[in-house]
Visitor: 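Starting off with a structure, shown below.
In what follows, every chain begins at residue 1, and chains take the letters A, B, ... in the order their sequences are listed.
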Amino acid sequence: MDYEFHWSIVWRHMPEMLQGAFVTLHVSVLSMLIGILIATPLAIAKLNHNKFFSPIATVWVEIARNTPGLFQIYMAYFGLGALGIHLSPYVAVLCALAFVNTGYLTETFRGGFQSIPKTQYSAAKSLGMSRFQSYRHIILPQMFRRIYHPMTNQFIWAILMSSLGILVGMNELSGETQRLQSLSFRTLEFFIVAAVMYFIITKLVLLSTALIARKLFKGEI
Amino acid sequence: MGLSLFTPLSWNDAGFILTGIWNTVIISLVAILVGTLLGLIVGFIRSASNQLVNALLGSILDVLRSVPLIIQLILFSTYVGAIGHPLPPFAAGSIILSLYAMAFMSEVFRGGFNSVPPSMPLAARALGMNAWQTIIYIRLPIGLRTVFPSWLGVALSVIKDSALVSVIGYMELLRTSEQLISRTQQPLEILIGVGIFYFLISYPLSLYGKHIERKMAL
């Protein structure tokens, strides 16, 4: 092999790479939070066959699950741009990620809600709790325990999908790597380091979610 | 009359779009086929071998699953170029996409093989079948029946992920549409068309998967 590896340049740019990794985590966490916030009411609407929101939830879920992530990012960046809504790469990727997360999480939540026995709802009602109270204190805590693991997977998946930001010039880990390698032409070195960093990030996330689960559920998972 | 730099979408572009569609279909099929075959082999090895082999194989597959596909594609196509054997985008793309599919499918198949009660292959051996016959007539059909919906899910995600092969220069549907967008400046119309195409492939298949799943649950 004639290729000579020059690692020193990567170490010199390590602060920028780490900054990129931080943006990757940042956008994934935010997209998950938005996803959870929108998916919870959508799942409840779907289960209650709400006339207005249930069809919206169905269409949302099917579009999110049946089109490529890259298409969704292009839609947010170029498609909305054509309508006069110009988003920055960060916001465009965040919107696309939140859109997909919402789609998948709605289905996950629906399954979670369905796995809670109907008696739990009745019991909450008979204790005099309002609808909101019974969801807040009885249903949601149990549901989140059951769907914690699928939610972790969705989070990992969001981290991996955020790497598509490279195609719209976002400054997350992949995009930053692309920018740095175009300055130095040390493509292999930079992308090998990026791959290792993604691997470490996903492992750290899995580890920390497991620790959080232990704290939250006290071994009941 | 001013000089027009952008020309609108016309029927002359149909051939170009069809080439893109064809390329998307063909690379997805290759990746699903090769991924399934390799996944079957790896999944079977993992369900049948000891812990050491299992841990070793598992960690390799783990890397394939934890590094974004786009990084794998860029790394691989740069690497083969750097060692002096550059591959055309189709070859490099199919190799990485197949390995990616293999990583997920092997896990699906492994679960299927593990779901076969150990007494069944033993009973087959007692009936005088040899090791190969036990695999072909007992383990494969019983193990694979239950995992079909999960396999279909992975296959669908491979079709969607095939869009990423555009980064190493493969002219699949999304890249052709990107070029059309830069010429016509009509991103919305073209992108919605592309989205509908993916949806039309993916949605019926996912419905079919759900249907099978429900049928099996009964």
Visitor: If you count heavy-atom pairs under 4.5 Å with chain B, which of A:I63, A:T202, A:T67 comes out on top?
Guide: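 Top option by heavy-atom pairs under 4.5 Å: A:T67.
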
Visitor: Most heavy-atom pairs under 4.5 angstrom with chain B, which of A:A195, A:G69, A:S174, A:A82?
Guide: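 Max contact count across the listed options: A:A195.
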
Visitor: B:P187 and A:F78: which non-hydrogen atoms are nearest, and at how many Å?
Guide: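 Looking at all heavy atoms of both residues, the closest pair is CG-O, 3.7 Å.
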
Visitor: How about B:F90: does its CZ atom have over 12 heavy atoms from other parts shown lying under 6.0 Å from it?
Guide: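 Yes, CZ of B:F90 has more than 12 neighbouring heavy atoms, counting only those of other groups under 6.0 Å.
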
Visitor: Can you tell me which portion of B:E189 sits under 4.5 Å from chain A's heavy atoms? Options are side chain, backbone, both or neither.
Guide: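 Looking at B:E189, nothing touches chain A.
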
Visitor: Would you compute the distance between atom CG of B:D161 and atom CG of A:L160 and round it to the nearest 0.5 angstrom?
Guide: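 Here the interatomic distance stands at 10.0 Å.
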
Visitor: As an exercise: rank B:V63, B:L156, B:V194 by heavy-atom pairs under 4.5 Å with chain A and give me the winner.
Guide: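 The option with the most such pairs is B:V63.
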
Visitor: So how far is it from A:I156 CD1 to B:S66 OG, rounded to the nearest 0.5 Å?
Guide: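 The distance works out to 7.5 Å.
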
Visitor: Counting only heavy atoms closer than 4.5 Å, note whether B:S177 contacts chain A via side chain, backbone, both or neither.
Guide: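 Neither part, no heavy atoms under 4.5 Å.
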
Visitor: Count the heavy atoms belonging to other residues, nucleotides or ligands that lie under 6.0 Å from CZ of B:F16, then report whether that count exceeds 12.
Guide: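 Atom CZ in B:F16 is packed in, count exceeds 12.
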
Visitor: Quick one: what part of A:L83 sits under 4.5 Å from any heavy atom of chain B, side chain, backbone, both or neither?
Guide: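 Just the side chain, heavy atoms under 4.5 Å.
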
Visitor: So what's closer than 4.5 Å to chain B heavy atoms on A:S163: side chain, backbone, both or neither?
Guide: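 It is both, since atoms from each part get that close.
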
Visitor: Could you give the distance from OG1 (B:T78) to CZ (A:R186), rounded to the nearest 0.5 Å?
Guide: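 Result: 12.0 Å between the selected atoms.
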
Visitor: Under 4.5 Å, heavy atom to heavy atom, which residues of residues 70-77 of chain A contact chain B?
Guide: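 Result: A:L70, A:F71, A:Y74, A:M75.
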
Visitor: Supply the atom-to-atom distance A:M161 CE to B:I70 CD1, rounded to the nearest 0.5 angstrom.
Guide: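 Here the rounded value is 10.5 Å.
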
Visitor: Tell me, yes or no, whether the heavy-atom count around B:W22 atom CH2, taken from other residues, nucleotides or ligands under 6.0 Å, exceeds 12.
Guide: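 No, not enclosed.
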
Visitor: Could you give me the CA-CA distance, side-chain angles and deciding distance for B:I71 and A:I166, then say whether side chain to side chain contact (heavy atoms under 4.5 Å, CB included) is met?
Guide: CA-CA 10 Å; B:I71 304 277; A:I166 191 176; 5.7 Å; no

Visitor: Heavy-atom pairs under 4.5 Å with chain A - which of B:S206, B:A163, B:G195 has more of them than the others?
Guide: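 If we count pairs closer than 4.5 Å to chain A, B:G195 comes out on top.
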
Visitor: Would you give the length of the straight line joining atom NZ of A:K203 to atom CG of B:D62, rounded to the nearest 0.5 angstrom?
Guide: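 Here the interatomic distance stands at 3.5 Å.
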
Visitor: Does any heavy atom of chain A fall under 4.5 Å from the side chain of B:L75, the backbone, both, or neither of them?
Guide: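 When you check distances to chain A, atoms from both the backbone and side chain of B:L75 fall under 4.5 Å.
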
Visitor: Starting at OG of B:S77, measure out to CZ of A:F191 and round the result to the nearest 0.5 Å.
Guide: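 Answer for the OG-CZ pair, B:S77 versus A:F191, is 9.5 Å.
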
Visitor: Could you tell me which portion of B:L191 (side chain, backbone, both or neither) has an atom closer than 4.5 angstrom to a non-hydrogen atom of chain A?
Guide: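 When you check distances to chain A, atoms from both the backbone and side chain of B:L191 fall under 4.5 Å.
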
